[in-house]
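The structure appears right after this line, and notes come after that.
Only heavy atoms go into these numbers, but all of them, side chains included; no hydrogens, no water, no symmetry mates.
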Amino acid sequence: MRIFADSGSDLPKSFFEENNVTLIPLKVLVDDKEFDDITEIDAQEIYSAIRSGKHPKTSQASPELLLNTWKELAKSGEDGLYIAFSSELSGTYNTAVMMRDQVKEVNPSMNMIIIDSRCASLGHGLLVKEAVRLRDAGDDIRTIERKIRHMAAHMEHLFTVEDLDYLAKGGRVSKASAFIGGLLNIKPLLHVESGKLVPIEKHRGRKKVLKRMIDLMDERGVNLANQTIAISHGDDLQTAKEVQALIEERFKPKATEIHMIGSVIGSHAGPGTIAIFFLNKEMNA
């Protein structure tokens, strides 16, 4: 069985190489030049570009790449599982389904499952890592699909951004809110609901919003001590480590991991973003 994931999962290039997962890169546009995420540009370059006043844009994965990838899979006769970035944040999922259906017209026996994760960043990444674990443990594709869909439905995303201007440019908050927020040092607390980014609270100052994120983890999480908690950051490793220490002290999780937010999400959220990912339901339910 072959597993596919796109760069919206914010997993490092090494993960794909070491775990036999095929990367589907989304696109990043900087200075009118288009790059394949991860393979042709890295997140550090994006954050440097943003800090220098540039405004990177993003787009979905190449339809041609998806079509050729599914053709190659059909030719191999292997089962395929693609865990896709939220369809509310990218058109990649819908294009992947369209390309798969096109290939299946010629190869009706092709067994290719595509899951709309409705997750982003390491919320998406944790699903991919679990799919790899299940595959390596010998589970069949239908069992993995069922478990991953269950996990995706119960994946919590909590995050805050350092500067509201980046979200305003992407249409996530109004420009007026961003201006006032900047003046008052207001930091938004957001989550993902039905695959969309949704603001839920505002707090004065970074320390308060980070503390509130940890409190919300306590309210929403289930059996956090038995989970792997993921933290992603917009080129702010120091704050991510501070959050990690707070989480480990309070919840004593099985494991924590930190990764930088990738080029695609980083282009919209900007430097200084901090996000936490965990489950709100037992996985064996």
Side-chain angles (χ1 to χ4, degrees), residues 1-11 15-16 18-26 60-61 63 65-157 192-196 222-223 226-228 230 254 257 277-285:
M1 189 189 91
R2 290 175 57 182
I3 295 175
F4 304 83
D6 56 61
S7 58
S9 61
D10 284 351
L11 294 168
F15 171 84
F16 292 90
E18 293 166 9
N19 291 281
N20 194 25
V21 175
T22 301
L23 169 66
I24 306 291
L26 277 66
Q60 63 176 285
L65 171 67
L66 288 163
L67 180 62
N68 290 335
T69 302
W70 301 161
K71 281 181 177 177
E72 195 273 327
L73 177 70
K75 188 177 179 182
S76 75
E78 293 179 271
D79 292 342
L81 176 69
Y82 173 32
I83 304 171
F85 189 32
S86 174
S87 63
E88 295 289 347
L89 301 173
S90 171
T92 301
Y93 166 76
N94 289 322
T95 301
V97 170
M98 187 166 57
M99 295 297 105
R100 177 200 60 188
D101 292 349
Q102 190 173 319
V103 173
K104 276 181 76 77
E105 288 178 10
V106 181
N107 302 273
S109 64
M110 177 191 188
N111 187 19
M112 175 68 190
I113 295 170
I114 302 178
I115 296 175
D116 178 2
S117 71
R118 293 186 168 262
C119 295
S121 188
L122 292 180
H124 177 192
L126 286 173
L127 302 179
V128 178
K129 295 188 81 168
E130 179 65 5
V132 167
R133 188 188 72 78
L134 294 168
R135 177 201 65 190
D136 293 350
D139 282 7
D140 63 79
I141 191 169
R142 290 295 173 187
T143 302
I144 296 173
E145 177 193 13
R146 176 177 56 78
K147 290 179 178 179
I148 295 303
R149 288 191 187 278
H150 175 78
M151 186 177 181
H154 297 287
M155 183 66 69
E156 291 280 355
H157 307 56
V192 169
E193 186 177 293
S194 300
K196 298 178 182 178
V222 172
N223 197 12
N226 198 38
Q227 290 192 37
T228 295
K254 179 175 66 176
E257 58 182 72
F277 309 89
F278 56 96
L279 292 167
N280 62 21
K281 191 176 179 71
E282 293 276 9
M283 273 312 295
N284 58 5

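Within the 3.5 Å criterion, the main-chain N or O of Ser194 finds a donor-acceptor partner in the side chain of Arg118. No donor-acceptor pair under 3.5 Å is formed between the side chain of Gln227 and the backbone N or O of Asn280. Under a 3.5 Å cut-off, the side chain of Ser9 and the backbone N or O of Ser121 do not form any donor-acceptor pair. A donor-acceptor pair is defined here as one N or O able to donate and one able to accept, closer than 3.5 Å; no such pair exists between the side chain of Asn19 and the backbone of Val21.
What you find for Thr92 and Asp6 is that their closest heavy atoms are CG2-OD2, 4.3 Å. Looking at every heavy atom in both residues, Met1 comes nearest to Glu78 through N-OE2, 4.3 Å. Summarising the geometry of Leu26 relative to Ser90, their closest heavy-atom pair is CD2-OG, 3.8 Å, with the distance given to 0.1 Å. The two residues Asp10 and Leu122 come nearest to each other via the heavy atoms O-CD2, 3.6 Å. Smallest separation of non-hydrogen atoms from Met155 and Gly123: CE-O, 3.6 Å. Of all the heavy atoms in Trp70 and Met110, the pair that sits closest is O-CE, 3.5 Å.
From Thr22, atom OG1 reaches atom CZ of Phe16 across 9.5 Å, with rounding to the nearest 0.5 Å. Note that OG1 of Thr69 and CG of Leu23 are 10.0 Å apart. Values are rounded to the nearest 0.5 Å. Atom CD of Glu18 and atom CG of Leu11 lie 11.5 Å apart (nearest 0.5 Å). Atom CG of Asn226 and atom NZ of Lys254 lie 5.5 Å apart (nearest 0.5 Å). Remark: Leu66 CG to Gln60 CD distance equals 8.0 Å, nearest 0.5 Å. With rounding to the nearest 0.5 Å, the separation of CG in Leu134 from NZ in Lys129 is 13.5 Å.
Under the 3.5 Å distance criterion, with hydrogens and angles disregarded, a donor-acceptor pair is assigned to the side chains of Asp116 and Ser87.
Side-chain atoms of Met151 and Glu130, non-hydrogen and from C-beta on, do get closer than 4.5 Å to each other. Side-chain contact check for Thr143 versus Arg146: some heavy-atom pair is nearer than 4.5 Å. Contact check for Val192 versus Ser86: no side-chain heavy atoms found under the 4.5 Å cut-off. Taking 4.5 Å as the limit, every side-chain heavy atom of Leu81 sits out of range of all side-chain heavy atoms of Ile114. Counting heavy atoms from C-beta on, the side chains of Arg135 and Asn20 come closer than 4.5 Å. With a 4.5 Å cut-off on side-chain heavy atoms, Val103 and Met112 do not count as touching. Arg2 is listed as a side-chain neighbour of Glu72, based on a closest heavy-atom distance under 4.5 Å. Side-chain contact between Val128 and Phe15 is present, with heavy atoms from C-beta onward closer than 4.5 Å.
Classification of the Phe85-His124 ring pair by plane angle, with boundaries at 30° and 60°, yields parallel.
Arg149 pairs with exactly one of Ile115, Ile83, Ile144 by the side chain to side chain contact (heavy atoms under 4.5 Å, CB included) rule, that one being Ile115. Considering Leu73, Ile3, Ile141 in turn, Ile141 is the only one that fulfils the side chain to side chain contact (heavy atoms under 4.5 Å, CB included) rule with Asp79.
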- request: Apply side chain to side chain contact (heavy atoms under 4.5 Å, CB included) to Lys147 and Asp139, showing your working.
  value: CA-CA 10 Å; Lys147 290 179 178 179; Asp139 282 7; 3.0 Å; yes

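Using a cutoff of 4.0 Å between basic side-chain nitrogens and carboxylate oxygens, Glu193 and Lys196 are not scored as salt-bridged. A salt bridge links Arg142 to Glu145: one of the charged nitrogens lies within less than 4.0 Å of a carboxylate oxygen.
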